[in-house]
Amino acid sequence: MKIGVLTGGGDCPGLNAVIRAIVRKGMDVYGHSFVGFRDGWRGPMENATVPLGIDAVRGILPRGGTILGSSRTNPYKSDDGVARIRDTLAGLGVDALIAIGGEDTLGVAARLHAEGIPVVGVPKTIDNDLSATDYTFGFDTAVNIAMEAIDRLHTTAESHHRVLIVEVMGRHAGWIALHSGMAAGANVILIPERPFDIDKVCAFVEHRFASHYAPIIVVAEGAAPVAGSLVVKEGELDAFGHVRLQGIASVLETEIRGRTGRESRATVLGHVQRGGTPTAFDRWLATRFGLHAVDAVHEGASGTMMALHGTRIEQVPLAEATRELKLVPEELYAEAEVFFG
Ligand code: F6P
């Protein structure tokens with residue numbers, strides 16, 4: 001078989017480990033050949049390819065980013081997007097695609113499968129918000145980066161008796177905020193699933209100062225105040241209709257300073273969370289997803305996505321995998337709340 005591979009959406013540590021495992025098993029065990037498509041769905045739409053053999057994947061296991069490049073290109077945004085993909089695959093003699101991505105990239109993969117294009121999906125996102133898999137790779141690395149940053153902010157917050165607010169990624173789901181905040185002992189964790197009350201946040205801040213410590217607030221970028229209580233600016237939209245977020249930490253900085261008179265500073269971790277070398281867990285998970293994805297293509301299991309269930313990698317239907325986001329449940333947030341204030 002000839003198999004096309006692409007990485008779409010926001011990059012994350014572990015993408016290269018998946019690509020390496022796909023190519024190593026696909027060539028060494030099955031004798032398949034590969035072509036890489038550049039920059040997500042842009043590659044097959046524009047016939048933008050990169051050679052993908054054993055040499056290309058040597059040494060890439062620990063490297064962050066993706067050797068294939070990525071983008072948020074949406075083929076369904078252009079009238080002839082799908083037709084162009086079909087033409088490219090036919091022209092190159094590609095029998096099947098492996099799409100490595102999050103909800104958007106895999107949503108496109110599910111639609112292409114429904115239209116008869118053979119495609120298998122591998123879930124990736126630092127947000128860990130795909131419902132069909134226990135974990136996505138990239139998440140553990142992002143959480144560790146955020147945890148280390150929060151550890152560091154604790155010491156400078158104490159020195160200056162300041163409120164330090166750390167904004168982490170997480171547009172719809174607060175997994176990074178929850179895990180890193182709990183791991184690093186945050187005093188308040190604010191997530192998109194639970195609109196926050198600014199008065200309560202300020203009360204936690206005062207309580208923390210009263211116990212002679214400086215408060216650290218971890219806020220997911222998608223967290224929002226209870227409707228109508230504060231004004232937060234909306235950003236521009238990307239090709240999948242998502243608002244580009246950034247700014248909730250600075251809103252909190254101003255509000256907390258204004259309401260409590262305490263010196264406050266915001267830190268936005270941003271894309272630092274997506275960069276650099278993956279953790280051991282993410283390399284392990286990414287490698288296993290790659291091995292199982294090439295098995296799935298070999299078996300002709302188009303329309304499936306690899307999923308981690310416990311310690312097993314299983315195939316789930318792509319359509320089901322992208323139907324709903326995995327959000328932080330009440331009971332997990334309640335565990336974190338024990339440490340607020
Ligand atoms: O989906 C992954 C993610 O990192 C989100 O957490 C974040 O909201 C978004 O991507 C940022 O996207 P971009 O890299 O396009 O700014």
Side-chain angles (χ1 to χ4, degrees), residues 6-16 18 39-42 64-66 68-74 77 99-109 121-133 135-147 149-150 166-181 189-193 218-224 232-251 266-279 282 285-286 289 305 321-322 324-328:
L6 63 87
T7 52
D11 70 341
C12 80
L15 288 169
N16 285 325
V18 185
D39 303 339
W41 294 114
R42 186 182 81 76
T66 161
L68 299 177
S70 193
S71 75
R72 295 194 187 275
T73 307
N74 182 354
K77 277 272 169 185
I100 310 166
E103 49 159 330
D104 298 327
T105 305
L106 297 180
V108 170
V122 173
K124 75 79 237 184
T125 167
I126 63 164
D127 299 339
N128 197 39
D129 58 0
L130 292 177
S131 60
T133 181
Y135 283 99
T136 49
F137 64 86
F139 172 66
D140 186 62
T141 307
V143 167
N144 276 283
I145 292 168
M147 179 194 71
I150 300 164
V166 193
E167 183 175 311
V168 298
M169 281 186 167
R171 197 163 22 202
H172 308 294
W175 292 108
I176 297 176
L178 183 77
H179 283 229
S180 64
I189 300 171
L190 304 175
I191 61 174
E193 293 87 336
V218 177
V219 57
E221 61 184 344
V232 182
K233 272 191 305 204
E234 292 274 298
E236 60 198 77
L237 299 185
D238 70 15
F240 285 91
H242 301 298
V243 180
R244 188 161 300 146
L245 299 163
Q246 209 183 58
I248 189 66
S250 107
V251 171
T267 301
V268 179
L269 292 186
H271 293 83
V272 169
Q273 294 158 95
R274 294 221 309 245
T277 188
T279 58
D282 282 340
L285 180 58
F289 276 155
M305 183 193 88
T322 53
E324 60 174 346
L325 283 179
K326 179 174 65 187
L327 301 177
V328 173

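In what follows, every heavy atom counts, from backbone to side chain, and hydrogens, waters and symmetry copies are set aside. We count ligands from 1, going down the list as the structure has it; atoms in each ligand are counted the same way.
Within the structure, the closest approach of Gln273 to ligand 1 does not fall below 4.0 Å when heavy atoms are considered. A heavy-atom separation below 4.0 Å is found between Gly170 and ligand 1.
When only modelled atom types and interatomic distance are considered, Asp11 and Thr66 share no side-chain donor-acceptor pair under 3.5 Å. Side-chain N/O atoms of Thr141 and Asp282 include a donor and acceptor closer than 3.5 Å.
Of all the listed residues (Asp127, Ile126, Asp104), Asp127 holds the heavy atom that lies closest to atom 6 (O) of ligand 1.
Applying the side chain to side chain donor-acceptor pair (under 3.5 Å) rule to Asp104 yields the partners His242; only residues at least two apart in sequence or on another chain are considered. Here Ser71 pairs with Asp39, Arg42, Thr73 under the side-chain contact (heavy atoms from CB on, under 4.5 Å) rule; sequence neighbours left out.
Contact atoms of ligand 1 toward Glu221: 5 (C), 6 (O), 7 (C), 8 (O) (distance under 4.0 Å to a heavy atom of the residue).
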